[in-house]
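Proteins get letters first, then strands, A, B, ... in listed order; numbering begins at 1 in each.
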There are 2 protein chains.
Amino acid sequence: MADVAAVAGVSHQTVSRVLNDHPNVREGTRVRVLEAIKELGYRRNLAARALATAQTRTIGILTIGSEFFGPQSTVLAVEAAARAQGYFVTMTSMDSYDFGGAVTALNHLTDQSVDGVVVVAPHDKVTAAIDDLKLKVPVVVVAARTDVPAGDPVHYVYVDQRDGARQATEHLLSLGHRKIVHVSGPSGWFDATERNIGWREAMAAAGNDAVEFPAESWLAPSGYAAGVSLAPRVKAGEITAVFASNDYLAIGLLRAFWEAGLSVPEDVSVVGFDDLQIAEFYIPKLTTVRQPFADVGRAALTELLGGERGLQEPRMIAPTMVVRASTAPPPRN
Amino acid sequence: MADVAAVAGVSHQTVSRVLNDHPNVREGTRVRVLEAIKELGYRRNLAARALATAQTRTIGILTIGSEFFGPQSTVLAVEAAARAQGYFVTMTSMDSYDFGGAVTALNHLTDQSVDGVVVVAPHDKVTAAIDDLKLKVPVVVVAARTDVPAGDPVHYVYVDQRDGARQATEHLLSLGHRKIVHVSGPSGWFDATERNIGWREAMAAAGNDAVEFPAESWLAPSGYAAGVSLAPRVKAGEITAVFASNDYLAIGLLRAFWEAGLSVPEDVSVVGFDDLQIAEFYIPKLTTVRQPFADVGRAALTELLGGERGLQEPRMIAPTMVVRASTAPPPRN
DNA sequence: TCGCATTTTGTTAGCGCTAACATAATGTAA
DNA sequence: TTACATTATGTTAGCGCTAACAAAATGCGA
């Protein structure tokens with residue numbers, strides 16, 4: 001910076017002013033400084049700036065360390081939005097979904113003096129760690145947590161999972177299904193819990209029993225296992241439709257049903273959740289609930305940088321029902 | 001740090017020594033300092049450290065801004081490996097795959113004084129930008145670039161795409177196929193180019209013509225479009241097998257063939273590339289080439305931090321053929 | 001016990017930037 | 001023109017850490 005100042009014939013502080021768009025710099029001086037900067041290929045040292053200002057203009061993203069479609073898309077959107085706002089992004093993922101893993105990951109971010117944190121890890125162990133740590137920087141969590149106490153400094157942004165599950169369930173009910181099973185996501189995950197609640201509410205409203213089949217994980221093998229268990233009951237006429245807590249589970253289910261000789265949607269209807277890229281290309285095309293992950297990512301960053309503007313209310317984004325070919329009226333016995 | 005020093009009754013420099021595992025610190029002193037650190041909940045300011053040492057212990061990851069399975073998995077693995085080595089990770093993605101977009105993204109990383117960069121964006125525009133910029137920090141690119149000049153400071157780590165394509169092609173040839181078409185990936189991408197070469201080599205070695213059908217993108221809709229075009233030729237007996245440049249394309253293809261009333265693998269065989277999580281659950285289960293993305297990520301980081309150890313030769317990792325149910329001998333007319 | 005090598009601890013300066021204040025230049029009303 | 005407000009620029013100090021050197025404490029052989 002001193003070199004630039006020398007070339008432009010000004011003090012280093014004036015260079016700093018130009019760099020920070022300070023108003024009180026004469027146009028001629030600004031131009032000379034800018035030219036010197038270009039000539040020397042100067043780039044300011046951000047570590048020094050961070051030290052002097054106690055601000056890094058960096059946000060941290062904490063994410064789960066797995067290849068799930070939703071979180072990944074959200075992270076990408078957060079990063080793009082942050083960059084557009086002139087922020088840098090540092091990312092870390094968790095080795096395990098327990099309290100300690102979450103604390104370690106959070107510390108890893110705060111060690112870097114991030115100006116804010118976006119957490120894309122909708123697991124209750126993670127939120128517990130956040131509550132416990134009482135971070136000094138703003139935190140936005142992408143998780144459908146509905147029991148947030150009023151005035152909680154941590155903000156939540158999410159897709160209305162409960163509503164999505166309700167839509168999915170009502171779609172099946174409106175087709176005439178009554179014997180429906182929900183293959184629910186693994187415990188600890190807010191999305192699983194909320195979808196479960198939405199499902200129960202819709203079933204209760206229609207006066208039906210809400211039968212669940214808990215999946216071991218979010219992945220296709222678990223859906224497949226569920227399908228293997230459920231197929232005989234479908235054949236016995238005890239089940240006419242399945243609402244799976246995500247598309248991976250739905251696809252596993254579809255595969256298991258196919259292997260059991262069941263036709264979807266003729267013998268049994270299946271609904272998923274997420275709308276994976278390939279949902280539309282599966283055989284049959286999968287009826288599912290689309291989550292606008294990119295919107296969530298953008299909203300989370302806006303919330304983070306927006307500061308104390310307005311209310312503390314969680315930002316909730318609506319999912320969309322996408323009806324394709326894996327659902328139809330139940331068989332007539 | 002001064003506070004810690006006061007509590008422990010030492011100078012701040014001794015605290016610094018403890019923090020940096022300097023050998024010449026008496027055990028008793030070290031313990032006292034450690035206790036003071038714990039008592040005060042002290043965490044060192046990394047911006048100051050970076051300023052003093054001119055090292056950030058941060059590596060930058062440049063990635064494409066899309067939800068592709070491979071790059072995403074690789075990024076996750078790089079992050080985990082970096083964290084295990086005590087490095088921080090800052091990430092940025094590109095808005096566009098042109099030269100300018102790559103330069104902007106690279107500058108975004110170097111502005112943060114990263115100690116090294118891992119590029120997970122196997123596109124020729126990106127490598128062109130890297131060559132042009134002559135970065136002062138070590139760079140490792142995850143891309144199957146084979147024309148790297150000897151002594152190039154940029155190192156390349158990748159899966160042997162050419163070999164994978166050869167395996168896929170030979171698998172089809174060994175089943176008896178001769179009329180094979182390769183649905184190739186979009187231009188500019190190293191993976192597409194290399195798979196194309198591997199395919200041609202294998203076909204040439206078997207004395208067959210190598211017929212290609214270029215896809216517009218890496219995504220399922222492009223595979224579907226290819227399938228729509230190819231289906232009549234399959235029916236006419238002009239094609240008995242298709243090697244798609246990735247699994248998304250293969251799935252689009254499968255869907256299009258299914259809609260055209262063609263059975264896979266009875267009427268036509270299909271091979272993909274990548275081994276997506278759901279490849280095993282598609283109907284039929286997809287025969288494909290598995291890429292060990294996590295291994296690549298780890299290898300890239302090792303290469304980056306390993307420094308000038310050993311040769312400059314690109315690190316090449318072998319893919320594995322996974323034979324499932326989408327391939328079979330050609331129909332007997 | 002002394003003298004010297006070795007280990008341990010302390011002191012000073014500076015990394016490159018910005019905040020706060022000081023000074024100089026300019027504009028404007030009387 | 002002068003006096004004073006306003007704008008533009010310069011000077012100084014310090015952010016929290018580590019490198020380099022200085023000084024003190026310790027160990028050890030004679």
Side-chain angles (χ1 to χ4, degrees), chain A residues 1-37 39-58 86-88 107 109-115 136-137, chain B residues 1-37 39-58 86-88 107 109-115 136-137:
Chain A
M1 186 178 261
D3 298 349
V4 173
V7 169
V10 296
S11 75
H12 65 124
Q13 177 64 343
T14 298
V15 176
S16 171
R17 288 200 182 93
V18 170
L19 250 19
N20 293 316
D21 289 324
H22 197 90
N24 290 345
V25 178
R26 199 170 299 160
E27 188 53 30
T29 320
R30 153 173 278 114
V31 171
R32 261 185 303 139
V33 170
L34 255 20
E35 277 170 358
I37 287 173
E39 183 187 329
L40 269 52
Y42 167 78
R43 317 226 94 204
R44 129 171 84 179
N45 180 319
L46 290 173
R49 179 179 156 92
L51 185 57
T53 60
Q55 291 217 350
T56 52
R57 287 197 75 78
T58 296
Y87 276 77
F88 299 98
N107 282 335
L109 289 178
T110 51
D111 275 355
Q112 297 170 78
S113 316
V114 291
D115 290 348
K136 285 174 295 289
V137 294
Chain B
M1 186 177 259
D3 298 349
V4 173
V7 169
V10 297
S11 74
H12 65 123
Q13 177 65 343
T14 299
V15 177
S16 172
R17 287 198 182 95
V18 170
L19 251 18
N20 293 316
D21 288 324
H22 197 91
N24 290 345
V25 179
R26 200 171 300 159
E27 189 52 30
T29 319
R30 152 173 280 115
V31 170
R32 262 187 301 140
V33 170
L34 255 19
E35 277 170 359
I37 286 173
E39 184 187 328
L40 269 52
Y42 166 79
R43 317 225 95 205
R44 126 171 88 180
N45 180 318
L46 291 173
R49 180 179 155 92
L51 186 58
T53 59
Q55 291 216 352
T56 53
R57 289 198 73 81
T58 296
Y87 277 77
F88 298 98
N107 282 335
L109 289 178
T110 51
D111 275 354
Q112 297 171 77
S113 316
V114 291
D115 290 348
K136 284 174 296 292
V137 293

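- Under the side chain to side chain contact (heavy atoms under 4.5 Å, CB included) criterion, B:S16 pairs with B:M1, B:Q13, B:N20, sequence neighbours left out.
- Once rounded to the nearest 0.5 Å, the distance linking OG1 of A:T53 with CG of A:D115 reads 8.0 Å.
- Summary of helix geometry: the two end axes of the helix from C:dT1-D:dA30 to C:dA30-D:dT1, each defined by five base pairs via their C1' atoms, are inclined to each other by 40° (rounded to 10°).
- Counting heavy atoms from C-beta outward, A:Y42 and A:V7 have side chains that stay 4.5 Å or more apart.
- Contacts with DNA chain D (heavy atom under 4.0 Å) in residues 16-26 of chain B: B:S16, B:N20, B:R26, listed by number.
- Closest approach of A:T56 to A:A50, counting heavy atoms only: CG2-CB, 4.0 Å.
- Along DNA chain C, the nucleotide nearest to B:G9 and the one nearest to A:V15 differ in position, and the one closer to the 5' end is contacted by B:G9.
- Summarising the geometry, atom CZ belonging to A:R17 is positioned 8.0 Å from atom CG belonging to A:N24; distances are rounded to the nearest 0.5 Å.
- Here chain B contacts DNA chain C (any atom closer than 4.0 Å to a heavy atom, that is under 4.0 Å), and the contacts span C:dT8 to C:dG16 from 5' to 3'.
- A search for side chain to side chain contact (heavy atoms under 4.5 Å, CB included) contacts involving B:Q112 returns A:L46, A:F88, B:T90, B:H108, B:L109, B:V114, not counting sequence neighbours.
- For the pair A:V33 and A:V10, the tightest heavy-atom approach, listed with the atom from each and the gap, is CG2-CG2, 3.9 Å.
- Summary of the strand contacts: B:L51 and B:R30 both lie near DNA chain C, and taking for each the nucleotide with the nearest heavy atom, the more 5' one is attributed to B:R30.
- In this structure, A:S11 reaches the bases: a heavy-atom distance under 4.0 Å links it to at least one base atom across the strands shown.
- The side chain to side chain donor-acceptor pair (under 3.5 Å) analysis of residues 25-34 of chain A, with sequence neighbours excluded, yields no pairs.
- Using a 4.5 Å cut-off on side-chain heavy atoms (C-beta onward), A:I37 and A:L34 make contact.
- In this structure, OG1 in A:T14 is found 11.5 Å from CG in A:L19, a value given to the nearest 0.5 Å.
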